Amino acid sequence: MTKTDTALFPSTDLETASARSTLTWTLEDWASITAAGDDTLIVRHQQDAWMLRWVIKALDGETYQVLKALGEHRSIGSRTGKAEPPGVLAGDRLSLEINRLLSGRLLRISVGGAGSAAQLVARPASRTARLALPLEPPRRPVRLSQYVTVRRVADAWEIGSPLHGFVLESRGSCLGSVLEQTAQRACAPADLIEDLTRNVGGEQAVNLLTVLAATGVLGEVDDEGLLAEEGDQLLIQRQPADVMFHHASRLGLHPGPTGATWRFAGSVPPTPALRASAFEAEKMVKLEREGPGGTADISFTEVVARRKSTRNHGAKPLTAWQLGEFLYRVARVDRVVPADESDPKSYECSVRPYPSGGGAYELELYLVIGRCTGVEKGLYRYRPLEHGLEPISASASQCSMLLEHARVVSGARESPQVLVIMGARFTRLSWKYENMAYATTLKDVGVLYESMYLTAAAMGLACCALGNSDSGLFAQATGLRVEEESSVGEFTLGSLPEAGNGAEGSGDANG
Ligand SMILES: Cc1cc2nc3c(=O)[nH]c(=O)nc-3n(C[C@H](O)[C@H](O)[C@H](O)COP(=O)(O)O)c2cc1C
């Protein structure tokens, strides 16, 4: 008889055990495990449109029995009161195979059945998800990880643990207290278990705490009261919001769909390719496509060699001709491509000089004019199809503040002659893309920065990208709702400074 047969799970009793126990390991609906010989199993699972399979060969008896039981019963549980899959006590091989199933997102752990005061389902979110097996309840005091997020999804709490690559679904009333207490201080496991046992049985309380710790929601603290994440030289340099954004926007690090899912196709109309004029369109300032005589074209190699950030501007301001040529070369719309009305996934696009994710061109250009011969001071929106500037009725002080902010951020001596602000119309991308729309916008900002840098270099203009600016001020100046369109990039533009007048040097306060 194998160890599994005797000590842990007589196979005839597996289902009963699963129903009785408070911790169960369940094969996800999209996965199956079938026997293909005495020591060989086949794992099959659905991924997107594909059915994938892998063969696990030369298994030891224990691992074979446990995984086969998982395939047959789909759900197996621990009768021991310890939070461990049956047989994981000893086997390195079983531990390895369980972790392979976890990293393939084929297995979930549940504590507490329906109707229990605390139900917890932990699912691997990332291909990097790993559990140290056997699962053991924490021994040292535990604290809540700073990387954990809690949000409502339908009628449950979703507790995200991106560092450990797990997402937990929590129902019932008693886990909130554990999160609250461990957010405030390191708590002894025994105290938390005691607290939990006011609502659930002792075995379940242990299992709840064990799963919270195993999935990184709670971490054991060291003698100084620090979590491992707080002493990790790499992690301390990464802010939780940045880590979460990265995990959420990349495939393989979170469970949700990522990419073009067109989840609003057919229900919400796509945002048009060009922004409707919300401003004083009749007062549009027409721009020229090229300055007098045109800019002598230089080789691409030369353009790339000349490109650099120049933060101070010349005494003689940029002209309306130059501004027109710059915008025409960088951001004009050559044509609008209508949507195919017969296809709900189709949306109106446009053709412009720079590339853009999904051809969405969600970035709008706003210009704060400080000094530009031929264009009055003020805030304008560039109309890329008409190639003109549409005035926006922002106050003079709002414009000055935007320019002054750019001066500070670039460390320049004076405020820029022209500040170009990129506003993103978020729904252009989020209508089509799931979980990666904002990441795409930031990539688009980078693309447009480089296009502007190269164009400025070719035209002999001074320019500098800015890493940040005041989106709140931009919202006030334009009256735009931040959720609809917000500033995501800024770029200063002006005439080159005269030689010896700040042509070189960075003074970069933020870049
Ligand atoms: C995304 C991005 C953000 C930047 N942010 C700033 C900034 O806030 N302030 C600044 O003075 N320069 C900024 N810069 C310019 C960089 O400092 C500059 O590109 C870098 O020092 C290299 O110098 P170079 O452009 O002259 O080759 C930024 C550049 C990029 C691409």
Side-chain angles (χ1 to χ4, degrees), residues 237-239 241-242 245-246 249 298-314 318 326-327 329-331 353-357 361-368 370-371 399-424 426 429 436-474 477 486-511:
Q237 299 177 58
R238 305 279 317 280
Q239 288 185 290
D242 284 348
F245 179 39
H246 175 69
S249 60
I298 53 175
S299 75
F300 179 71
T301 313
E302 183 65 22
V303 170
V304 174
R306 280 190 197 179
R307 188 220 59 81
K308 66 173 180 161
S309 302
T310 307
R311 295 161 179 88
N312 290 312
H313 295 163
L318 199 72
F326 175 83
L327 291 169
R329 286 188 177 208
V330 169
Y354 62 98
S356 171
Y361 292 101
E362 76 284 11
L363 298 177
E364 297 283 322
L365 294 189
Y366 294 81
L367 290 100
V368 189
R371 283 192 305 139
C399 292
S400 303
M401 279 165 74
L402 285 165
L403 290 169
E404 175 59 10
H405 200 282
R407 183 193 73 73
V408 172
V409 171
S410 64
R413 277 196 301 274
E414 291 176 6
S415 60
Q417 292 174 6
V418 173
L419 173 66
V420 183
I421 302 176
M422 298 175 195
F426 300 117
L429 284 166
M436 57 171 274
Y438 189 55
T440 305
T441 286
L442 299 185
K443 288 169 190 171
D444 286 342
V445 169
V447 166
L448 192 48
Y449 271 167
E450 180 65 351
S451 205
M452 295 204 291
Y453 260 117
L454 295 177
T455 304
M459 292 180 64
L461 299 177
C463 70
C464 185
L466 303 183
N468 210 341
S469 197
D470 191 331
S471 292
L473 187 53
F474 175 78
S486 182
S487 53
V488 287
E490 289 79 14
F491 193 85
T492 62
L493 187 70
S495 57
L496 276 175
E498 295 70 30
N501 185 23
E504 301 302 328
S506 128
D508 181 348
N510 209 24

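Note that ligands are numbered from 1 as they come in the structure, with each ligand's atoms numbered from 1 the same way. The structure presented is a predicted model; accordingly, all values stated were derived computationally and were not measured.
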Distance filter under 4.0 Å to R307 heavy atoms, resulting ligand 1 atoms
24 (P), 25 (O), 27 (O)
Report yes if some N/O of V409 lies less than 3.5 Å from some N/O of ligand 1; otherwise report no.
yes
Could you list which atoms of ligand 1 come closer than 4.0 Å to a heavy atom of Y453?
15 (C), 19 (O)
Below 3.5 Å, N or O to N or O, backbone or side chain included: is there any such pair between K308 and ligand 1?
no
Output, in order, the C-alpha distance, side-chain angles, deciding distance and verdict of side-chain contact (heavy atoms from CB on, under 4.5 Å) for I421 and L367.
CA-CA 6 Å; I421 302 176; L367 290 100; over 6 Å; no
Y453 and S309: side-chain donor and acceptor closer than 3.5 Å?
yes
Below the 3.5 angstrom mark, is there an N/O of S309, backbone or side chain, next to an N/O of ligand 1?
yes
For ligand 1, is E450 a contact, meaning one of its heavy atoms is under 4.0 Å away?
no
So with a 6.0 Å cut-off around CD of Q239, is the heavy-atom count from everything else above 12?
no
Mind checking whether C464 has a heavy atom under 4.0 Å from ligand 1?
yes
Counting both backbone and side chain atoms, is some N or O of N468 under 3.5 Å from an N or O of ligand 1?
no
Other residues, nucleotides, ligands: >12 heavy atoms within 6.0 Å of E404 CD
yes
Distance alone, cut at 3.5 Å: any donor-acceptor contact between the side chains of S487 and S471?
yes
In terms of ring plane angle, is the pair Y366 and F474 parallel, tilted or perpendicular, where the classes change at 30° and 60°?
perpendicular
